[in-house]
Undergrad: 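Dropping a structure here in structure tokens format, bear with me for questions.
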Amino acid sequence: MEVQELHAWPSSPEEAKALQDRLRPSLELGDPGPQRPATIAGLDVSYADDGGRLAAAVVVLDGVTLETVEEAVVTGVAAFPYVPGLFAFRELPTLLVVLRRLDTTPDLLVCDGAGLAHPRRFGLACHLGVLTGLPTMGVAKTRLFGKHDEPGSRRGATADLLDDGGEVVGRVLRTQDGVKPVYVSVGHRIDLDTACRHTLTLSPEFRLPETTRRADRLSRAALRDA
DNA sequence: GCGACAG
DNA sequence: ATCTTGTCGC
């Protein structure tokens with residue numbers, strides 16, 4: 001797929017936060033988003049012992065059968081230290097490289113992390129959405145931002161993720177009976193209901209969506225070899 | 001001042 | 001994220 005070239009990159013947390021605030025207005029929210037995506041891509045990154053080297057992987061699934069239709073992986077170096085709230089600056093450059101290797105242009109991108117459920121409402125999923133122009137959503141394994149009640153114990157149970165003003169920034173979703181819930185939030189050009197529906201569809205058997213699971217496996221394998 | 005803090 | 005032993009369950 002076509003991906004815009006990346007230009008200047010922040011060299012300090014202050015610059016990074018300023019960039020998030022500058023890109024934030026480019027977010028397109030409110031639209032329902034893809035209801036029957038033909039292809040859905042999952043992205044994930046694994047790190048080497050040192051924490052510097054990394055491998056970014058993308059796996060494209062058929063939106064109906066969930067079968068893998070294409071995949072790509074590339075190694076790289078962390079572009080920023082890990083700072084909560086600035087996580088995207090760490091892996092975004094390598095994620096853009098791996099997306100360029102795709103023949104397919106996915107109808108939806110599923111990120112391993114937050115979207116709007118972020119201190120400045122601009123997590124990795126939002127950033128990747130603005131840079132690619134594609135619909136994106138985030139599915140995180142733990143909470144970064146927002147308060148919430150405990151969702152019911154059955155698959156499909158939810159609880160809203162709220163900011164201090166009571167605004168909904170995401171949803172805590174139980175993807176399997178009795179497992180820890182995941183944190184779903186919108187990235188770009190999709191709404192929260194649709195994002196949660198896709199998360200459940202992508203998680204027919206395990207806690208995490210197949211997109212994330214397969215991208216995780218692929219990125220680890222690439223790191224092991226290289 | 002003391003926690004909390006995607007991966 | 002990654003480092004790790006044993007343990008529980010299909």
Side-chain angles (χ1 to χ4, degrees), chain A residues 10 13-14 16-17 19-20 23-24 27 42-59 73-96 98 109-131 136-148 159 161-164 168-173 175-188 192 195-196 199 204-209 211-226:
Chain A
E14 294 67 34
K17 290 179 186 175
L19 185 53
Q20 291 178 326
L23 294 177
R24 173 76 180 68
L27 275 183
L43 302 140
D44 193 32
V45 174
S46 291
Y47 295 83
D49 310 21
D50 49 83
R53 280 190 315 122
L54 56 76
V58 54
V59 177
V73 61
V74 55
T75 57
V77 176
F80 210 79
Y82 173 67
V83 180
L86 301 178
F87 171 61
F89 295 97
R90 190 168 174 73
E91 2 185 280
L92 217 34
T94 312
L95 286 175
L96 294 178
V98 78
L109 262 36
V110 179
C111 303
D112 186 33
L116 279 188
H118 174 279
R120 283 171 298 284
R121 310 300 187 281
F122 203 73
L124 173 63
C126 298
H127 205 144
L128 195 57
V130 168
L131 294 186
T136 60
M137 51 179 273
V139 179
K141 294 180 286 297
T142 62
R143 185 199 69 93
L144 166 67
F145 178 81
K147 310 184 75 69
H148 66 88
L161 250 185
L162 309 169
D163 67 12
D164 295 324
V168 176
V169 296
R171 200 167 285 161
V172 187
L173 170 65
T175 54
Q176 297 293 328
D177 292 357
V179 304
K180 289 176 46 172
V182 296
Y183 295 75
V184 180
S185 60
V186 161
H188 185 60
L192 188 53
C196 286
T199 300
E205 190 174 6
F206 301 105
R207 178 195 177 219
L208 296 180
T211 37
T212 300
R213 297 185 71 245
R214 291 179 203 175
D216 178 76
R217 274 184 31 179
L218 182 56
S219 63
R220 290 197 197 195
L223 205 53
R224 176 172 54 83
D225 299 339

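The analysis underlying the following values was restricted to heavy atoms, covering all of them including side chains, and did not include hydrogens, waters or symmetry mates. Numbered from 1 within each chain, the chains take letters A, B, ... in sequence-line order.
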Undergrad: Which whole-number value in Å describes the distance from A/Lys141 NZ to B/dG7 P?
TA: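 Spelled out: NZ on A/Lys141 to P on B/dG7 is 4 Å.
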
Undergrad: Roughly how many Å is it from NZ in A/Lys17 to P in B/dC5, rounded to a whole number?
TA: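 After rounding, the gap between these two atoms is 17 Å.
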
Undergrad: What does A/Gly138 touch in the nucleic acid at a heavy-atom separation under 4.0 angstrom: a base, only the sugar-phosphate, or nothing?
TA: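 Since no nucleic acid heavy atom lies under 4.0 Å of A/Gly138, the category is nothing.
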
Undergrad: Is there a side-chain contact between A/Arg53 and A/Leu223, using heavy atoms and a 4.5 Å cut-off?
TA: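 A/Arg53 reaches A/Leu223 side chain to side chain.
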
Undergrad: Calculate the interatomic distance between A/Leu161 atom CG and B/dA6 atom C1'; express it in whole Å.
TA: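 In whole Å, B/dA6 C1' lies 12 Å from A/Leu161 CG.
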
Undergrad: Any donor and acceptor pair, going by atom type alone, linking the side chain of A/His127 with main-chain N or O of A/Gln20 inside 3.5 Å?
TA: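 No, A/His127 side chain to A/Gln20 backbone: no donor-acceptor pair under 3.5 Å.
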
Undergrad: For a quick check of understanding: with a heavy-atom distance under 4.0 Å over all strands, which category does A/Leu43 fall into, base, sugar-phosphate or nothing?
TA: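 Answer is nothing: A/Leu43 stays at 4.0 Å or more from every strand.
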
Undergrad: Taking DNA chain B as the partner, which of residues 110-126 of chain A come within under 4.0 angstrom of it by heavy atom?
TA: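 Within residues 110-126 of chain A, the residues near DNA chain B are A/Asp112, A/Gly113, A/Ala114, A/His118, A/Gly123, A/Leu124.
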
Undergrad: A/Tyr82 side chain N/O closer than 4.0 Å to the phosphate oxygens (OP1, OP2) of B/dA6?
TA: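 Result: yes.
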
Undergrad: Can a salt bridge be assigned to the pair A/Asp112 and A/Lys141 using a cut-off of 4.0 Å between side-chain N and carboxylate O?
TA: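 Salt bridge: yes.
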
Undergrad: When you check the side-chain N and O atoms of A/Tyr47 and A/Glu91, is any donor under 3.5 Å from an acceptor?
TA: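 Side chains of A/Tyr47 and A/Glu91: pair found under 3.5 Å.
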
Undergrad: So where does chain A start and stop touching DNA chain C, 5' to 3', when the test is distance under 4.0 Å to a non-hydrogen atom?
TA: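 The protein-touched segment is C/dA1 to C/dT2.
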
Undergrad: How does DNA chain B look in dot-bracket notation if pairs are Watson-Crick or G-U with both distances under 3.5 Å, crossing ones as [ ], other-strand ones as |?
TA: .......

Undergrad: Would you say A/Arg143 places a side-chain N or O within less than 4.0 Å of OP1 or OP2 belonging to B/dC5?
TA: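 Indeed, a polar side-chain atom of A/Arg143 lies that close.
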
Undergrad: Would you say A/Thr142 places a side-chain N or O within less than 4.0 Å of OP1 or OP2 belonging to B/dG7?
TA: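 So the side chain of A/Thr142 is within the cut-off, an N or O lying under 4.0 Å from OP1 or OP2 of B/dG7.
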
